[in-house]
Amino acid sequence: MLSFNFVIFTAFAYVCLLFVLAYLGDRRARSSKSSFLRSPFVYTLSISVYCTSWTFYGAVGLAARNGLEFLAIYLGPTLVFVGWWYILRKLVRIGRAQRITSVADLLSSRFGKSSNLAVLVTVIAVVGTTPYIALQLKAIATSIQVISSAGNTAVPGFDDVPLALGVAAAMALFTILFGTRNVDAKEQHHGVVAAIAFEAIVKLLALLAVGVFVVFGIGGGFEAIQLKADAAGVDLFSGDIFGPRWVAILVLSAAAILCLPRQFQITVVENSNEDHLRTASWAFPLYLLLMSIFTMPIALYGLATLPAGANPDMFVLTLPLSTGNSGLALFAFIGGFSSATSMIIVATIALSIMISNHIIVPIALRRADALSGQSMTHLLLNSRRASIIFILFFGFLYFWLSGNSDALAAIGLISFAGVAQFLPAMIAALYWREATVKGAIAGTLIGFLIWAWTMFLPSFGNTSAWIAHVISDGPWSIALLRPQELFGLSGLDPLVHSVFWSLFLNTSALVSVSLFTTQSSLERIQANRFVDAFKRPGTEPANFVRGSATTNDLFFVAQRVLGEKAHELFHKLARQKGVQRKELEPTPEFIGQLERELAGSIGAASAHVMMSKVVSGTEISLEEVMQMADETQQVIEYSQRLEQTSSELRETAAQLQEANAQLRQLDLEKDDFLSQVSHEVRTPMTSIRSFADILLSHNDLSDTERQRFISTIHEESLRLTKLLDEILDLSALERGEQNWQNVAFDPEVALDLALNVCAPHILEAHIKLNIGDRAKHVSLDGDSDRLAQVFINLITNAIKYNDSASPDVHISSRIQSHTYIVDVLDNGPGINRADSRRIFEKFSRGRRQEHDVQPGAGLGLAISRQIVAKMGGTLTLESRKGNGAHFRVTLPTNH
Amino acid sequence: MADQRKLENIAVALPVFGIAMILPPIVGVFTSEARILGVPVIVIYLFSMWVLFIFGTYMLSRRLRANTVSDAEEPSDSD
């Protein structure tokens, strides 16, 4: 048996240990940034502030009354953490980016930094949380009474009121010491988190110890306990608990892990690294699993063995006590004590930040001399300290007044349902761009009122006859307004009834009011920042505040809020911009950044009010925002046009380059042509000149000699004329200036003409001429004489260059799918592959010109090709096996 | 190894699947009188689902990539 004084002393020693831990934690966090205090496991353990004494003791009680229903309280949060990637991660990201200090700040910041919404959320949080704090006090008082009393008799002289007052005072001292040490750009309390993490380990170990003791120490295993319970007629599994109430509790607990001020404080505000969520996502559900694994066996064993009437809520203590194991009972008591104190500490910090940032500071700011008076730092710290004392005193008062009534027993779920009213607005804040502040206020307010009427009020049913009357008959006997059968909805569990009506009307009001109201420009900007939290990492749009404040004015404001830390902040901001401290410019971007930093201390709404007091500019209107957006759009379009133009320019440049290369090539060709022409002209000219010289200077020449020289001069001049004719002809063809007449004619006639012209040469050269198949009834557009010229050229070439022993030339023509084809083949030496491209160029003759009896100028094929091209056809050298060349003329017919 | 997009889809599917598994009617299937090693089937079922969620989230959290921000990476801290 443990004496009352010993238990009190133990509790006192434990609280002292917490002070030391928090102090060391604070100091350690200050000295090094990467200490284990910032590890993901400390973060996970601190999240377990979710498990209060209500779950430590109450889960067993709930299991003893409603079977597995208690699991829903753990499974809801488990599923939220399983889905961490979408909700929690976004919350934490936004919380860090926007320097969010509380759940009220989150909603207020998203909905245009609205003060009204912040106040509403703060009030709901205080109303919902204070009874919960009272519940913790009651749990501590009850557990001390149980553990220090022999059996169920009350300890003489024991009064739980001063005890609760003492606990509340100790907690107030702790919270003030470690929760309000200073005002930071981030509301993080490493000392407190260290203490909370330690408490998380204590309560887990205590519960596991009791569980192992009950199951394996005295119970004899899971099966034995089950059998014992069966024998005692205890059946906790038969009722169908998986109905609407199961769903409602799942929804409530899932909402609570997001919306409870203390959870928000730990999960979002105290988060020092977004990546810690990665570990918490599975480690926190694992923690919950361990916390609940022995709950059912303890309940079963307690019901089966302890005398009827024993309070199931205290089985965790009474089972070790009943077997005289007071050491374990003391450990269990410390576990329960630690779960109660951790909840009180974190909830009080979270609430005090909300009260000071959203209620006290705005009131102070409304005073005209707010910025010229005493430093805001003192105001902030003092208002927080006052809030802490107020909250704890209020909690104590609630505990004192409600006395031994049952009003506290159900407060756990009632509190969950109260803060669950933030959920619709919170989800809208993260995902619905069009949600307006009016919608958020309407939804939250209606949800809160419905909750207060249908759930909070009935919890006092046993303490007041008037409330009992309202519950049974409705106010002023209006049955439709009965709290537990609102609007005539009856037959539901009161919890389900209240959760349904409050969340349904809350969401409906949020959606419908949002759809019928419009957002202010600030709301729209904030909505985009929240909804697109992942889309633009790192880049913050400039705050749309234009103004004329100087950097000094801004510094003055920052100093009011942060005190000496303002210097550090300005140096930091200057460093980020890469300028000296005094070169800082009060740009809109800088003002926005400063506002966010201040929001980290006093909340978004208050920071906004303060900044707008100094920055004498106005916020720009929605029209101006739209105009800016339009301008942006125009700039984008303009740059797209520029891009298009520049790509066109690039294309043109490439074309120009190509043309230039062609020109250069043509220039080369021209030079080539000129030099070749000169060369070709020079040869006959030289011979004409030298013969003429001989004729002039030698008078003793015989007549025959003279005759021979003159005829040579004649021949050479004829050749020269022919060459010049051909050059003129070719250049005329190339320039397209020739009098060209395209008339329909029969190309076979031209071919016959060419054969006739060539007949003497053929005879002379002893060539065998083979005429193959000939086309019939051909008609095409072009110049008959010119085509004959082409054929003559080809046939002449075939004769001229044929050095075969038995030379022969083969000529044939045919029609093939609207084209007229003439082939000229010889059995001469042929044209090797290297020359095959060159022969159509000007002045290129085949090889062996040195043997030529009658060398041409080398323009024949070039001219022929031009002629054929003019008529829309081609002149090609076909590849041929064996000896000889094969030329082909292809011309389109006119059908 | 699944790519990031797949993993993000799994990150949605897992909680949705989890919700379905612990709500009626599925949960009703296991509310029978039968016992395994003396423990009612429904208890075994709920706890094994729970372990499954934890394991699935554990596997997922090790593979999902994210561009995260931590205090240490920020240029300076005032505390």
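Throughout, protein chains are lettered first and strands after them, A, B, ... in sequence-line order, and every chain is numbered starting at 1.
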### Per-residue contact mode, B:Val16 against chain A (heavy atom under 4.5 angstrom)
neither
### Task
Measure the spacing between CE of A:Met296 and CD of A:Gln226 and express it to the nearest 0.5 Å.
8.0 Å
### Summary
Note: vs chain B, highest number of non-hydrogen pairs under 4.5 angstrom among A:Gly83, A:Pro297, A:Pro285 is A:Pro285
### Query
For A:Ser292, is it the side chain, the backbone, both, or neither that has a heavy atom closer than 4.5 Å to a heavy atom of chain B?
both
### Query
In chain order, what residues pass the side-chain hydrogen bond (donor to acceptor under 3.5 Å, both in side chains) check against A:Thr78, with sequence neighbours excluded?
B:Trp50
### Message
Once you measure the plane-to-plane angle for A:His276 and A:Tyr43, does it fall in the parallel (<30°), tilted (30-60°) or perpendicular (>60°) bin?
### Response
tilted
### Task
Flag the one option from B:Ile22, B:Leu14, B:Val39, B:Val12 with the top tally of heavy-atom pairs under 4.5 Å to chain A.
B:Ile22
### Query
Take atom OH in A:Tyr86; do more than 12 heavy atoms of anything else shown fall under 6.0 Å from it?
yes
### Task
Mind telling me whether A:Phe284 and A:Phe81 have parallel, tilted or perpendicular rings, with 30° and 60° as the class edges?
tilted
### Message
For B:Leu46, which atoms come within 4.5 Å of any heavy atom of chain A: side chain, backbone, both, or neither?
### Response
side chain
### Message
Less than 4.5 Å to any heavy atom of chain B: does that hold for the side chain of A:Leu68, its backbone, both, or neither?
### Response
side chain
### chain B contact via A:Ile293 - which portion, at a heavy-atom distance below 4.5 Å
both
### Task
Please list, chain by chain and in numerical order, all residues satisfying salt bridge (Lys or Arg N to Asp or Glu O under 4.0 Å) with A:Glu69, sequence neighbours excluded.
A:Arg245
### Task
Heavy-atom pairs under 4.5 Å with chain B are the metric here; pick the option from A:Val80, A:Val92, A:Leu288, A:Leu227 that has the most.
A:Leu288
